[in-house]
> 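Have a look at the structure that comes next, please.
The first residue of the sequence shown is numbered 1, and numbering continues consecutively from there.
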Amino acid sequence: DSAPNALHLAAMDESGAGSKGAGSNGGDGGLPSSTVCGVLSLFLPETQSGSGSGSNGGGAAKFRKLAVDIPWQKRGLATALIETAAAEARLVGAATLCCDARASQEAFYRARGFERAGEPFNKYPGKGGEMYVSMRMALS
């Protein structure tokens with residue numbers, strides 16, 4: 001997403017360990033043997049008067065697409081991505097950080113300081129699938 005308020009965070013494996021070979025830049029100007037192993041897309045609240053830094057505009061930052069490749073799960077990368085997103089949201093004065101999470105992942109978010117906001121819902125009506133919950137964390 002190329003929205004002006006979007007920040008895309010990535011956890012990188014620069015050692016080649018745990019990678020399947022995909023993502024290696026092989027000397028084409030990027031990091032040699034670097035592989036993206038986790039991502040998070042953060043959408044910051046619009047800043048007032050274009051300032052952004054420390055503005056007290058409040059509002060909510062929202063993230064989506066939090067994903068960590070299977071070989072890298074259970075190593076704290078998702079938590080680190082969320083903590084980085086929270087820090088970036090605080091920099092622009094966001095009051096909350098939120099996301100729509102799979103209902104089956106609610107305990108994961110609760111363990112990291114989020115609370116459910118509202119009832120579970122079907123994010124993709126007519127397509128079946130998992131239920132989702134809106135999760136929020138105050139950024140005090």
Side-chain angles (χ1 to χ4, degrees):
D1 194 325
S2 61
N5 64 328
L7 258 178
H8 302 289
L9 307 175
M12 303 292 293
D13 168 23
E14 296 178 11
S15 69
S19 72
K20 301 172 193 141
S24 174
N25 291 321
D28 65 358
L31 294 171
S33 70
S34 63
T35 302
V36 174
C37 51
V39 296
L40 182 147
S41 292
L42 175 65
F43 297 87
L44 299 167
E46 298 295 326
T47 58
Q48 297 173 349
S49 70
S51 131
S53 178
S55 90
N56 59 5
K62 186 170 187 172
F63 69 88
R64 63 180 184 199
K65 298 180 188 172
L66 173 60
V68 175
D69 283 344
I70 291 171
W72 291 98
Q73 290 178 1
K74 309 248 187 257
R75 297 185 188 197
L77 291 179
T79 299
L81 287 166
I82 291 169
E83 289 171 352
T84 302
E88 291 292 335
R90 283 184 189 100
L91 285 175
V92 298
T96 58
L97 179 62
C98 58
C99 70
D100 291 339
R102 288 183 177 90
S104 62
Q105 295 298 313
E106 183 174 346
F108 168 86
Y109 289 99
R110 284 187 181 276
R112 284 146 188 87
F114 287 80
E115 294 180 358
R116 189 169 88 187
E119 295 302 314
F121 61 94
N122 186 341
K123 191 170 185 174
Y124 304 104
K127 296 185 180 183
E130 265 189 275
M131 297 296 284
Y132 283 74
V133 290
S134 291
M135 302 297 292
R136 295 186 186 275
M137 177 175 60
L139 298 174
S140 52

> Hey, does Tyr109 have a side-chain heavy atom less than 4.5 Å from the side chain of Leu66?
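Leu66 vs Tyr109: side chains touch.
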> Do any N or O atoms from the side chain of Arg116 and from the backbone of Gly118 form a donor-acceptor pair under 3.5 angstrom?
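Yes; judged by distance alone, with no hydrogens or angles, the pair exists.
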> Return the OH to OH distance between Tyr132 and Tyr124, rounded to the nearest 0.5 Å.
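The distance works out to 4.5 Å.
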> Can you find a pair of side-chain heavy atoms, one from Met131 and one from Asn122, that are under 4.5 Å apart?
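Heavy-atom side-chain distance check passes, below 4.5 Å.
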> Pairs in or reaching into residues 82-107: which pass ring pair (Phe, Tyr, Trp, His ring centres under 6.0 Å), with residues at least two apart or in two chains?
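For residues 82-107, and leaving out neighbouring residues, there are no ring pair (Phe, Tyr, Trp, His ring centres under 6.0 Å) pairs at all.
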> Look up atom CG in Asp100 and atom NZ in Lys62, then write down how far apart they are to the nearest 0.5 Å.
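Taking CG in Asp100 and NZ in Lys62, the distance rounds to 4.0 Å.
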> Indicate the atoms forming the closest heavy-atom contact of Leu139 with Ala89, along with that distance.
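Closest approach of Leu139 to Ala89, heavy atoms only: CD1-CB, 3.6 Å.
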> Drop me the distance from Leu77's CG to Leu9's CG, to the nearest 0.5 angstrom.
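Here the interatomic distance stands at 12.5 Å.
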> Output every pair passing ring pair (Phe, Tyr, Trp, His ring centres under 6.0 Å) with a member in residues 74-95, not counting sequence neighbours, ordered by first then second residue.
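Counting only pairs at least two positions apart or across chains, no ring pair (Phe, Tyr, Trp, His ring centres under 6.0 Å) contact touches residues 74-95.
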> How close do Leu81 and Gly38 get, heavy atom to heavy atom, and via which atoms?
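Closest pair (atom of Leu81, atom of Gly38, distance): CD1-C, 3.9 Å.
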> Closest approach of Thr96 and Ala138, non-hydrogen atoms and distance?
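Minimum heavy-atom contact is CG2-CA, 4.4 Å.
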> So, for Gly113 and Met137, which heavy atoms are closest and what is the spacing to 0.1 Å?
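Answer, listing the atom of Gly113 first, then Met137: O-CG, 3.5 Å.
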> Distance from Phe43 atom CZ to His8 atom NE2, nearest 0.5 Å?
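If we round to the nearest 0.5 Å, Phe43:CZ and His8:NE2 are 5.0 Å apart.
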> In sequence, state the C-alpha distance, the side-chain angles, and the governing distance for Thr35 and Met12, and then conclude on side-chain contact (heavy atoms from CB on, under 4.5 Å).
CA-CA 6 Å; Thr35 302; Met12 303 292 293; over 6 Å; no
> Would you list the pairs meeting salt bridge (charged side-chain N to carboxylate O under 4.0 Å, His left out) in which at least one residue belongs to residues 120-133, sequence neighbours left out?
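Listed once each, the pairs are Arg102-Glu130.
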> Under 3.5 Å, side chain of Asn5 to main-chain N/O of Leu44, donor-acceptor pair present?
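Answer holds: yes.
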> Rounded to the nearest 0.5 Å, what separates atom CD in Glu115 from atom OG in Ser134?
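Rounded to the nearest 0.5 Å, the CD-OG separation comes out at 13.5 Å.
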> Measuring from Ile82:CD1 to Leu97:CG, what's the distance to the nearest 0.5 Å?
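The CG atom of Leu97 is 7.5 Å from CD1 of Ile82, to the nearest 0.5 Å.
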> Work out which heavy atom in Val68 is nearest to a heavy atom in Ala78; give both atom names and the distance.
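Scanning both residues, the minimum pair turns out to be CG2-N, 3.9 Å.
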